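Keep in mind it's a predicted model, so treat the numbers as computed, not measured. Naming convention: chains lettered A, B, ... in sequence-line order (proteins, then strands); numbering from 1 in each chain.
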Number of protein chains: 2
Amino acid sequence: MTDKRNDVDLELNALPATGSAVDVVVRQLRKLISEEGLKVGDSLPTERELCVRFDASRNTVREAMRILKAYGLVEVRPKIGATITDNRMARAFELFSFNTMEVSRKSFTDVQAFRDLIEVRSADRIFEELQDKDLAELREINANLADIRDIQEASEVDYAFHVRLISILGNNAILDVYSVMKPIILRIMQKGKTRRTFMTETYDEHEGVIDAMAARDRLAFEYRLRNHLMVGFKNFSDEMEGKA
Amino acid sequence: MTDKRNDVDLELNALPATGSAVDVVVRQLRKLISEEGLKVGDSLPTERELCVRFDASRNTVREAMRILKAYGLVEVRPKIGATITDNRMARAFELFSFNTMEVSRKSFTDVQAFRDLIEVRSADRIFEELQDKDLAELREINANLADIRDIQEASEVDYAFHVRLISILGNNAILDVYSVMKPIILRIMQKGKTRRTFMTETYDEHEGVIDAMAARDRLAFEYRLRNHLMVGFKNFSDEMEGKA
DNA sequence: TACGAGTCTTGGTCCAACAAATACAGAGAA
DNA sequence: TTCTCTGTATTTGTTGGACCAAGACTCGTA
């Protein structure tokens with residue numbers, strides 16, 4: 001196979017290596033991006049403009065653009081056009097979402113331990129970045145637990161709360177990992193809980209965490225958040241053992 | 001609920017509910033693959049057959065196929081048709097071969113912060129689980145840095161060292177995440193280093209970490225490991241600024 | 001049975017057109 | 001002047017059709 005030259009590909013100016021027309025356009029687009037020094041947020045020319053510039057049909061340009069989109073390098077919005085982005089990590093995780101879920105499902109405890117690591121042990125960083133806006137939005141999200149109609153909806157709110165919490169870190173890699181694990185996390189959250197449990201216990205636990213953050217009480221934050229995570233895990237363990 | 005049922009749920013949850021016609025076809029294709037139980041090597045229907053089956057135009061089907069190709073899930077050969085494959089690992093590496101763009105800087109800093117969270121802040125857990133066998137294997141891996149022939153090989157050893165380190169945690173979820181991030185981590189490790197750097201500085205830093213573990217000196221472990229990670233990040237920053 | 005020419009099929013590419021959405025400019029109102 | 005509404009033009013999304021090149025296939029022939 002000719003595509004075995006990944007090492008060569010690492011160098012910017014890969015040989016023309018004339019492949020299909022779409023591959024040629026992809027190469028030209030990459031060259032365009034690097035030579036123009038385009039950064040995240042910058043716009044690419046319109047599709048029709050790229051057609052004349054690369055002397056290719058619009059379909060060919062579109063297929064090339066699909067590849068760049070799949071690679072998480074550009075984002076295309078109707079009427080707006082294509083803009084440079086960098087969601088490669090998220091794409092990489094999506095690629096392996098099947099594997100990750102497959103393995104992780106065998107050990108939910110791993111995911112829960114992972115969450116403890118991410119959420120509780122980054123407390124200092126969270127408090128560094130914490131702003132009033134974060135607190136307000138966390139309370140707003142948690143308030144939604146009052147209106148939930150079923151467990152599915154409740155776990156979505158619960159998940160949103162924790163995502164908003166770690167979003168304070170401003171680390172996209174962590175957010176990407178969370179989105180991959182979302183299905184597993186939702187199931188953990190639902191285990192052993194009722195709609196009523198979410199509306200009372202889960203709500204109160206979240207409020208306790210927010211209060212600790214508002215008071216800049218890091219120890220209380222760690223203690224309450226860890227307890228909150230443990231509760232979910234305990235519910236899950238009980239049900240698992242009961243089933244087995 | 002059977003486990004098979006859960007599989008389907010997880011997969012569907014991972015996919016966007018609605019979207020463009022191309023996204024719909026992508027979803028249908030993935031559904032087709034999983035429901036037919038197609039394995040690597042099996043053939044997909046022809047493009048024109050997919051058009052009538054999914055009630056979409058050929059261009060739409062082709063764009064959807066481009067996405068699956070970019071994801072490394074199918075391989076298309078002229079006159080042969082599309083066959084199921086699994087080049088996801090290779091694709092993941094290709095994702096980050098696009099580099100040299102300033103684009104990726106945030107990704108790299110995020111990953112490095114993530115590694116700090118995983119490796120350094122789980123110190124207590126690592127020391128809980130630590131066994132002599134772990135220390136011996138870590139030393140064995142690190143010793144390989146003496147025989148490296150090029151930077152590529154060196155970064156593989158470096159990566160193996162850190163994977164072995166976190167494997168002490170016994171958390172498969174974390175190991176999965178690391179395997180996905182491997183391409184990025186390798187590139188971070190290679191930045192600003194020479195073969196010589198790996199054989200001296202990196203080797204010594206790793207030995208220092210192992211020594212701290214052997215002495216059950218948690219503070220030294222955290223300090224040295226964090227410094228080690230920071231060195232990699234500093235190399236990366238320097239190169240980026242030098243280029244810009 | 002072996003072989004070879006002709007036909008069929010299939011992916012690759014291009015073209016033209018329409019739909020849907022919206023950025024933008026210009027008219028009109030406060 | 002400034003704001004708002006509206007119409008137009010532009011851009012992406014999607015469709016259907018067309019042609020090409022080349023491997024796959026058929027079938028008659030030796």
Side-chain angles (χ1 to χ4, degrees), chain A residues 1-3 16-33 36 38 40-85 87 91, chain B residues 15-33 36 38 40-85 87 91:
Chain A
M1 281 301 156
T2 58
D3 278 341
T18 169
S20 71
V22 175
D23 294 335
V24 172
V25 172
V26 168
R27 262 199 303 277
Q28 286 176 300
L29 278 170
R30 287 174 58 176
K31 189 175 162 195
L32 174 73
I33 292 174
E36 303 274 313
L38 297 183
V40 171
D42 291 344
S43 293
L44 259 60
T46 68
E47 289 181 356
R48 288 178 175 84
E49 201 171 329
L50 292 173
C51 293
V52 301
R53 188 191 295 226
F54 297 150
D55 189 31
S57 80
R58 196 162 152 242
N59 285 9
T60 301
V61 170
R62 279 185 63 81
E63 287 191 25
M65 206 71 86
R66 280 284 177 196
I67 294 177
L68 294 185
K69 271 204 280 187
Y71 277 51
L73 290 174
V74 303
E75 190 176 350
V76 180
R77 282 167 300 178
K79 180 56 188 174
I80 305 290
T83 53
I84 306 290
T85 180
N87 293 119
R91 291 294 181 268
Chain B
L15 301 172
T18 76
S20 68
V22 174
D23 295 332
V24 173
V25 172
V26 168
R27 239 186 341 263
Q28 286 174 302
L29 277 170
R30 293 177 71 164
K31 188 177 163 192
L32 174 73
I33 292 173
E36 304 275 311
L38 297 183
V40 171
D42 291 345
S43 292
L44 258 61
T46 68
E47 289 181 355
R48 289 175 174 86
E49 197 172 332
L50 292 173
C51 292
V52 301
R53 187 189 295 224
F54 297 150
D55 190 30
S57 79
R58 191 154 162 250
N59 286 332
T60 301
V61 170
R62 279 186 61 80
E63 288 190 25
M65 206 72 87
R66 280 287 178 194
I67 294 177
L68 294 184
K69 273 203 281 186
Y71 276 48
L73 293 176
V74 305
E75 188 176 354
V76 181
R77 284 166 298 180
K79 327 320 156 200
I80 305 290
T83 54
I84 308 291
T85 180
N87 293 119
R91 294 300 168 181

| Segment of DNA chain C, first to last nucleotide, that comes within the 4.0 Å heavy-atom reach of chain B |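 The contacted stretch runs from C/dT10 to C/dC15.
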| message | Quick test of your reading: applying salt bridge (Lys or Arg N to Asp or Glu O under 4.0 Å), list the pairs with at least one residue in residues 60-74 of chain B, sequence neighbours left out, ordered by first then second residue. | response | A/R62-B/E63, A/E63-B/R62, A/E63-B/R66, A/R66-B/E63, B/E47-B/R62
| Which residue pairs pass the salt bridge (Lys or Arg N to Asp or Glu O under 4.0 Å) test when at least one of the two sits in residues 71-80 of chain A, sequence neighbours left out? | none
Set of side-chain hydrogen bond (donor to acceptor under 3.5 Å, both in side chains) partners for [X], sequence neighbours left out:
| X | value |
| --- | --- |
| A/S43 | none |
| B/S57 | B/T60 |
| A/D23 | A/S20 |
| B/T46 | none |

| query | What one-letter contact string describes nucleotides 5-11 of chain D from 5' to 3', where B marks a base within less than 4.0 Å of any protein heavy atom, S marks contact via sugar-phosphate atoms alone, and - marks no contact? | reply | -----BS
| query | Which residues satisfy the side chain to side chain contact (heavy atoms under 4.5 Å, CB included) test with B/P45, sequence neighbours excluded? | reply |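 With neighbours one apart ignored, the set is B/L32, B/E49, B/L50, B/R53.
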| Who pairs with B/D55 by side chain to side chain contact (heavy atoms under 4.5 Å, CB included), at least two apart in sequence or on another chain? |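 Checked B/D55 against side chain to side chain contact (heavy atoms under 4.5 Å, CB included); zero matches.
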| field | Where B/L29 and B/A64 come nearest, the two heavy atoms and their spacing | value | CD1-CB, 4.2 Å
| task | Taking all non-hydrogen atoms of both residues into account, name the closest pair between A/M65 and A/L44 and its distance. | result |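 In terms of heavy atoms, the two residues are closest at SD-CD2, 4.3 Å.
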| query | Tell me, which of residues 53-61 of chain B have any heavy atom that sits under 4.0 Å from an atom in DNA chain C? | reply | B/R58, B/N59
